[in-house]
Structure formats: C-alpha cells, structure tokens
Trainee: 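The structure under discussion is supplied below as structure tokens; questions concerning it will follow.
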There are 2 protein chains.
Amino acid sequence: MAQSPKIDDTDRRILRELRRDGRLSNAKLAEQVGLSATPCWNRVRALEESGVIEGYAALLNQKALGLPDTVLIEVTLERHDDDMLYRFGKALAELPEVMEAYLLTGEYDYLIKVAVAGTQGYEEFLRHKLYKLPGLRHSRSTFVLRTLKRETSVEP
Amino acid sequence: MAQSPKIDDTDRRILRELRRDGRLSNAKLAEQVGLSATPCWNRVRALEESGVIEGYAALLNQKALGLPDTVLIEVTLERHDDDMLYRFGKALAELPEVMEAYLLTGEYDYLIKVAVAGTQGYEEFLRHKLYKLPGLRHSRSTFVLRTLKRETSVEP
DNA sequence: CTTGAAAGTACGTGGGC
DNA sequence: GCCCACGTACTTTCAAG
C-alpha cells in the first residue's frame, strides 16, 4: 500500500482486463496486453502492492441469493454531532442487507443501498433494522426498477 | 445460466470466501470450507454455471486512477415514454464516469453514481456529458463525504 | 467423496538485448 | 525497462475407483 506513482498505458490495459476477469491467469493476461509473462507479473504485483488493485472478488447474483430487490434509502439524523455520525454510520454498515452506505454533503445525511426480498422484506428491514437504530429522524425510500449499470470500480 | 435450485450451507460458505477473495485457489478454498478439492471444485463450477457466481473482478482504487471523488446525481427527464427512458438510460450507462445507474420508482427518475476529480471534474462531467444528453429536465447532485460501506454483492 | 495423474500456472532466479 | 529459459512447488481438470 505504498504510493502509486505512474500508471502507464500498459498498466491500464492490465487493469481493464483484470476488472473484466479477475481470475485471468498471468499467462493469458500477458498475451492480452502484449507482454511476456515476467514483466506482466511484475506489473500486476506492483499494482497490488501499491494498492491500485485493492483485491479480487467473486460477483454474486442477488436474485439467486434470495434478495432480488434493491431499495435506495435516504436517511436523516436527528442530530449531527461527530459522535452521532460515526456511531450511526457504523451501525448502518454492520447491517448485512446494506450493500453500500455513503455519508453525504448537504444536510449531513446518508444514502444507503439495501437488498431485500420484495415489499415484505423491505418492510421487515425498516421495522426490525433501520427503525431500531437510535438517532434516526427520517427516511425516504425508492425502489430500483431496473439496474442499468453496476461497475465494481471506475474504468481504468 | 440455468436455474439455481438449492444453495446449501456449504455453498454459502464457498460464496462467502470467494466474495472475500476471488482468487482463492480451489485447494485453499476446499480447506476453508471443509471439503476435499474435487467436490469443492464441482460446487464452484455449478455455482458459476447456474449464474449464482456472475464473474470475478479485480477491485480498483478510484483514487489511484485519478478520480478520487464520488457524486450521486438524481436525474429527472422531461418526458417519460418508454423510448425516452430506454435511450436515456442507455446513454447514461455508456458514460465511463458513471459507475452505477438505476431507474427508480416514483417520478420515473434515475440515480447515478459518478466518479470525478474534484469540483472541477464534476463541473466538466455536467457540462460536457450529462447536460449534453437530450431529454434531461433536471438534476440534483450530492457529493459523497465518506464511503462507509461498499460491497460488490449481497452477503451470501 | 477420494485418489491419482497430466497439463498448466505461479513465482523465483539468472543471463542478455 | 523488456524478453527468454529453466526450475520447483502448487493448481487445475478430469479420469476412474
């Protein structure tokens, strides 16, 4: 996790390939980007060690895991002191249904993305999870009708 | 991409490990979940073929790639006929800065998550990209102050 | 589910352009 | 920087028991 000095064009091509397929073997990756195995492997390693590559993950199908629906919820707190923001944010992040959670500018709110099973799962999440968190003032939910794009990372 | 019939406890453990580390070797994975190599590999393959595992990806550091900031933008269209919704959504998804794009319930809007470099990059995105899309009526942006959680998939 | 065996891969080392 | 070649240990992948 040192510095990440210069990322050249070849690095970007490596990143592009590994973002598409995180299990590419070094041999195939080298072929794709037009290097031989050794320098390619050295670059991948450097990208990992400098933290440009943060890790690798299997991408799982939400539907197959029984949580087909996605809800975006804007959350407003009663108070906005540092302690409150920290503790509430931590509690949000610990809920397994919450896939993403962001602290936002503006009125010091959160936006969270939640995976649920239908309106019933949504109601259960609200009543048994979100509404039990102390300090919540208000929430406003929107169901996702269609996911048009969902990238794991920015485009290299 | 056939059906995904029953996912048992062992499958879930496999998925949990592979979500954490998508490059785990089958040998180590088998050890982690308490199987020997072959049955473990058969399960992984079945999970891949049934679409439960959608793929594997390297996770890239947004900051290292020069787009350290994230903006959430609510987008409202002028008209909401099917053709418009489809074409606008497609145009949104094609912008490389857009990492996620959702079509929402309510007033038939989009929410997009965009990676930019500071307020300057944000302004450029608005002027040169978003505002050039035909049919846009209104947009409302919020900067992300802190990312509290960002999972690639739902928890298995 | 286990064992086994062939092919491929990772990862290092050392030489050379 | 890059390529090439070699080497060991590990992994994948597929039999067959």
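These numbers come from the heavy atoms of this one structure, side chains and all, not from hydrogens, waters or symmetry mates. Residue numbers start from 1 in every chain, and the chains themselves are labelled A, B, ... in the order their sequence lines are given, proteins ahead of strands.
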Trainee: Is there a donor on the side chain of T38(B) or the base of dT3(C) sitting less than 3.5 Å from an acceptor on the other?
Mentor: yes

Trainee: Which nucleotide, dC2(D), dC1(C), dC3(D), lies nearest any side-chain atom of S36(A)?
Mentor: dC3(D)

Trainee: For a 4.5 angstrom cut-off between non-hydrogen side-chain atoms, does Y56(A) reach E48(A)?
Mentor: yes

Trainee: CG of L29(A) versus P of dC11(C): gap in Å, rounded?
Mentor: 13 Å

Trainee: What's the OH-P distance between Y56(A) and dA10(C), to the nearest Å?
Mentor: 11 Å

Trainee: Counting heavy atoms from C-beta on, name the nucleotide in dC14(D), dA10(C), dT12(D) closest to the side chain of W41(A).
Mentor: dA10(C)

Trainee: Does the distance from a Lys or Arg side-chain N to an Asp or Glu carboxylate O, for D83(A) and R87(A), drop under 4.0 Å?
Mentor: yes

Trainee: Quick one: E31(A) CD to dC3(D) P, roughly how many Å, whole number?
Mentor: 13 Å

Trainee: Of the options dG1(D), dC1(C), dA10(C), whose atoms approach the side-chain atoms of N26(A) most closely?
Mentor: dA10(C)

Trainee: Is there a side-chain polar atom (N or O) of R45(B) under 4.0 Å from OP1 or OP2 of dC14(D)?
Mentor: yes

Trainee: Please work out if P39(A) contacts a base, only the sugar-phosphate, or nothing of the nucleic acid, heavy-atom cut-off 4.0 Å.
Mentor: sugar-phosphate

Trainee: Quick check: on DNA chain D, is the nucleotide nearest R23(B) upstream (toward 5') of the one nearest G34(A), or the reverse? Name the residue that is more 5'.
Mentor: G34(A)

Trainee: When the nearest nucleotide of DNA chain D is assigned to C40(A) and to A37(B) on a heavy-atom basis, which residue is associated with the more 5' position?
Mentor: C40(A)

Trainee: With a 4.0 Å cut-off on N to O distance, would you call E17(B) and R20(B) a salt bridge?
Mentor: yes

Trainee: Specify the separation, in whole Å, of atom CG of N42(B) and atom C1' of dA15(D).
Mentor: 12 Å

Trainee: How many whole angstroms separate atom CG of L35(B) from atom C1' of dT12(D)?
Mentor: 17 Å

Trainee: Between E100(B) and K113(A), is there a salt bridge with N-O shorter than 4.0 Å?
Mentor: yes

Trainee: May I ask you to say whether E151(A) pairs ionically with R19(A), meaning some side-chain N is under 4.0 Å from a carboxylate O?
Mentor: yes

Trainee: Strictly below 4.0 Å, N to O, side chains only: are R79(A) and D81(A) in salt-bridge contact?
Mentor: yes

Trainee: How many whole angstroms separate atom CG of D11(A) from atom C1' of dG1(D)?
Mentor: 12 Å

Trainee: Please determine, for the side chain of S25(B), which listed nucleotide (dC3(D), dT11(D), dT9(C)) has the closest atom?
Mentor: dT11(D)

Trainee: Under a 4.5 Å side-chain heavy-atom rule over Ile, Leu, Val, Met, Phe, Trp and Tyr, are V75(A) and Y102(A) clustered together?
Mentor: no

Trainee: For the pair made of CD in E49(A) and P in dC11(C), what is the distance, rounded to whole Å?
Mentor: 11 Å

Trainee: If you fit an axis to the five pairs at each end of the helix from dC1(C)-dG17(D) to dC17(C)-dG1(D), how big is the angle between those two axes, to 10 degrees?
Mentor: 30°

Trainee: Taking atom P of dA9(D) as reference, at what distance in whole Å does atom NZ of K28(B) sit?
Mentor: 16 Å

